[in-house]
Amino acid sequence: MKKIIFVGAGMAALVAAEKLARSGKYEVTVLEKSPKKEISYDWHDDVDRAAFEANGLPMPREGTYFVKRNWTFIPPSERTETTLDIPEENLDLSIERRPLALQYIERAEDVVDFRFETQVDGLIFDGDRVCGVKVGAQKLYADLVVDNSGALSKLRGELPEDSGVTKAPAENEVFVAYRAFHKSVEGVPAPQSTNRVYLKHLGQAGISWSILDPSGAVNVLVGRVGSLQKESFIDAFRALKQSNPNISDEIVRGGVIKKIPIRHPLSRMVADGYVAIGDSAFMTIPMIGSGIRNSVDAACILADVILTKDSLSVDALWEYQVRYYLMHGADHMGVDVLKRWLLAADPDDLDWLFEKGVVGKKEMEAGATGQLIRLSLGDLFAKLKKGATRLPLLLKLNNVLMRSARAARIGRRIPKTFNLKAICAWQRRVERLYLK
Ligand SMILES: Cc1cc2nc3c(=O)[nH]c(=O)nc-3n(C[C@H](O)[C@H](O)[C@H](O)COP(=O)(O)OP(=O)(O)OC[C@H]3O[C@@H](n4cnc5c(N)ncnc54)[C@H](O)[C@@H]3O)c2cc1C
């Protein structure tokens with residue numbers, strides 16, 4: 001029987017490993033460096049419920065999730081606030097990460113060989129083909145290695161240069177985030193809106209948020225692009241506390257700094273004997289770094305491609321990347337163009353766009369869910385409140401929206417079959433979009 005090794009027990013591995021092993025056609029092993037009881041994160045995160053419903057996967061267990069409340073977006077000046085009004089049935093679920101991971105591990109344990117506290121140190125090669133992994137002095141051979149080891153995967157960097165797989169994200173393609181749940185200050189009222197996101201907080205490239213948790217604690221995030229300097233964190237936390245006086249210094253959960261990719265997906269996710277999935281393939285929504293739904297969708301695509309093609313060859317696996325791009329990747333290419341512009345934009349311009357109604361609920365919802373913002377120059381003018389000008393800014397925004405739509409179109413033109421020459425040419429077009 002052919003062997004598949006997953007490196008990292010992320011959600012993608014848990015879903016795909018179960019499907020592949022249950023088919024009875026593959027011997028599947030998942031190698032995870034953490035102990036089982038410390039798997040994933042000790043907090044809850046927001047997940048589009050379609051991740052489960054559309055893929056026919058079990059919902060998280062009762063009591064391990066709640067329906068998230070609508071975001072309130074706050075531009076840099078903090079003079080305006082925009083609260084979305086997504087109906088409850090369409091809102092994401094805030095799911096406890098560890099119980100969800102354990103639920104999916106238990107579901108797969110009868111068919112998948114899980115090895116916890118097993119750190120993979122590198123890949124092994126037969127010529128240019130990946131043929132297994134190194135765990136200490138041990139060599140574990142496989143017909144396919146699926147890299148689910150996260151944004152900073154070391155394995156990706158070991159692939160041969162001509163595999164076409166990007167080795168590491170650029171500094172500005174990673175979001176460094178402090179995440180903690182702080183005890184509420186007793187007797188101090190919380191702000192009226194519950195899920196408060198500060199865009200370009202204090203004019204810096206990144207966001208902060210303060211979310212009143214149903215537990216009564218305050219869920220705090222301070223994330224900056226590239227790096228989170230101690231001084232930036234102290235300033236941001238102090239400012240958050242000023243506008244949300246219910247945040248105390250006492251941490252009840254979390255309190256860690258993590259890295260999240262915020263860029264377009266890998267332009268090559270498959271190599272001979274190797275597939276990247278989840279954060280290691282940069283499958284997050286570039287605007288906000290959510291990646292659970294995308295990685296679960298990708299896992300279902302990967303398992304389906306392998307099982308229907310009954311092949312682990314790079315030509316066969318290319319279809320996995322094609323289907324992922326058509327489902328999410330091409331749109332995320334467009335969102336990445338817009339995100340880069342927003343990060344570089346003058347905070348005063350962002351305030352103006354919010355205050356004059358150019359950026360409204362619909363646009364914020366699209367950006368947060370990884371969809372393209374489709375506005376023509378005519379639409380931009382039509383949305384503008386009477387008397388407002390800043391023509392150069394509107395032209396710039398129009399230009400970036402057109403570039404964003406073009407990026408998504410290029411993404412959708414991904415070569416549909418494994419033709420190396422066409423793939424390399426397409427990759428060059430993709431990467432050129434982000435060179436500036
Ligand atoms: C603070 C924070 C908030 C987030 N909020 C959200 C949110 O609200 N919604 C959302 O959808 N997403 C969110 N995300 C992103 C989300 O966690 C990921 O996109 C998603 O879980 C997919 O990650 P992954 O499984 O690919 O990688 P990871 O979750 O990074 O998992 C990688 C796994 O590989 C293991 N590993 C790494 N290296 C090795 C090795 N060498 N050998 C063996 N094992 C290894 C790690 O221990 C880990 O278990 C958030 C992330 C962070 C950090």
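Note that ligands are numbered from 1 as they come in the structure, with each ligand's atoms numbered from 1 the same way. Everything numeric here is computed off the predicted structure, so don't read it as measured data. Reckoned from all heavy atoms, side chains included, excluding hydrogens, waters and symmetry mates.
- Looking at Glu117, Lys33, Lys258, it is Lys33 that brings a heavy atom closest to atom 36 (N) of ligand 1.
- Where the criterion is an N or O separation shorter than 3.5 Å, residue side chain and backbone included, Ser280 fails it with respect to ligand 1.
- For atom 6 (C) of ligand 1, the nearest non-hydrogen atom from the set Asp279, Asp45, Val176 belongs to Asp45.
- By the 3.5 Å distance cut-off applied to N or O atoms, Gln119 is not counted among the residues near ligand 1.
- Per-residue contacts place Ser34 under 4.0 angstrom from the following atoms of ligand 1 (heavy atoms of the residue considered): 47 (O).
- Per-residue contacts place Gly8 under 4.0 angstrom from the following atoms of ligand 1 (heavy atoms of the residue considered): 33 (C), 34 (O), 35 (C), 44 (N).
- Ranking the protein heavy atoms by distance from atom 3 (C) of ligand 1 puts Arg179 NH1, 3.5 Å first.
- Contact atoms of ligand 1 toward Asp46: 7 (C), 8 (O), 9 (N), 10 (C), 11 (O) (distance under 4.0 Å to a heavy atom of the residue).
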_Residue pair Leu302, Lys19: steps toward the side-chain contact (heavy atoms from CB on, under 4.5 Å) verdict_ = CA-CA 10 Å; Leu302 179 64; Lys19 283 179 183 285; over 6 Å; no
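- From the protein, the heavy atom lying nearest to atom 30 (O) of ligand 1 is Gly150 CA, 3.8 Å.
- In this pair, Phe233 and Phe237 present their aromatic rings parallel. The plane angle is below 30°, not in the 30 to 60° band.
- Defined by atom type and a distance below 3.5 Å, a donor-acceptor pair is present between the side-chain atoms of Asp213 and His44.
- At least one heavy atom of Gly289 sits under 4.0 Å from some atom of ligand 1.
- Contact annotation: for Arg97 versus ligand 1, heavy atoms closer than 4.0 Å belong to the side chain alone.
- Using a 30° and 60° split on the angle between ring planes, Trp209 and Trp71 fall in the tilted class, from 30° to 60°.
- In terms of protein heavy atoms, atom 49 (O) of ligand 1 is closest to Glu32 OE1, 2.7 Å.
- Salt-bridge formation is not detected for the pair Lys154/Asp121: no Lys NZ or Arg NE/NH1/NH2 atom is positioned less than 4.0 Å from an Asp or Glu carboxylate oxygen.
- Asp85 and Asn70 form no side-chain donor-acceptor contact under 3.5 Å, judged by distance and modelled atom types alone.
- Under a cut-off of 6.0 angstrom, the local environment of NZ in Lys167 is crowded, with over 12 non-hydrogen atoms contributed by other residues, nucleotides or ligands.
- Heavy-atom proximity to Gly10, at under 4.0 Å, picks out these atoms of ligand 1: 25 (O).
- The atoms of ligand 1 that sit less than 4.0 Å from any heavy atom of Thr284 are 19 (O).
- Ring geometry for His182 versus Tyr178: interplanar angle of 30 to 60°, hence tilted.
- Close contacts between ligand 1 and Gly278 involve ligand atoms 26 (O) [criterion: under 4.0 Å to a heavy atom].
- Heavy-atom contacts of Leu31 reach the following atoms of ligand 1: 43 (C), 44 (N) (cutoff under 4.0 Å).
- Here Asp304 pairs with Arg323 in a salt bridge; the nearest charged N to carboxylate O distance falls below 4.0 Å.
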_side-chain contact (heavy atoms from CB on, under 4.5 Å) evaluation trace for Leu14 with Phe114_ = CA-CA 10 Å; Leu14 300 182; Phe114 283 100; 3.6 Å; yes
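- Counting only heavy atoms of the protein, atom 41 (N) of ligand 1 lies nearest to Val120 O, 3.0 Å.
- Residue contacts with ligand 1: Val256 is excluded, as none of its non-hydrogen atoms falls under 4.0 Å.
- In this structure, Ala177 has no heavy atom closer than 4.0 Å to ligand 1.
- Environment of CD in Glu88: sparse, with no more than 12 heavy atoms of neighbouring residues, nucleotides or ligands closer than 6.0 Å.
- Among protein heavy atoms, atom 38 (N) of ligand 1 sits closest to Ser149 CB, 3.5 Å.
- Ranking protein heavy atoms by distance to atom 29 (O) of ligand 1, first place goes to Tyr41 OH, 3.9 Å.
- Under 3.5 Å, the side chains of Arg49 and Asn90 contain no donor-acceptor pair of N or O atoms.
- Distances between N or O atoms of Trp43 and those of ligand 1 include no value under 3.5 Å.
- The shortest contact between atom 2 (C) of ligand 1 and any protein heavy atom is with Ile260 CD1, 3.7 Å.
- Inclusion of Ile292 in the set of residues having an N or O under 3.5 Å from an N or O of ligand 1 is warranted.
- Using a 4.0 Å cut-off between a side-chain N of Lys or Arg and a carboxylate O of Asp or Glu, Lys2 and Asp143 do not qualify as a salt bridge.
- Residues Ser208 and Arg224 have side chains that bring a donor and an acceptor to within less than 3.5 angstrom of each other.
- Ligand 1 has no N or O atom lying under 3.5 Å from any N or O atom of Val7, backbone or side chain.
- Of all the heavy atoms of Asn294, none lies under 4.0 Å from any atom of ligand 1, so neither backbone nor side chain is involved.
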Counting only pairs under 3.5 Å, give me each side-chain donor-acceptor contact of residues 36-43, with atom names and distances, residues two or more places apart or in other chains.
from: Lys36; atom 1: NZ; to: Glu109; atom 2: OE2; distance (Å): 2.7
from: Trp43; atom 1: NE1; to: Asp45; atom 2: OD2; distance (Å): 2.9

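- Ring geometry, Trp426 versus Trp318: the interplanar angle exceeds 60°, so the pair is classed perpendicular (tilted spans 30 to 60°).
- Taking atom 24 (P) of ligand 1 as the reference point, the nearest protein heavy-atom neighbour is Asn148 ND2, 3.6 Å.
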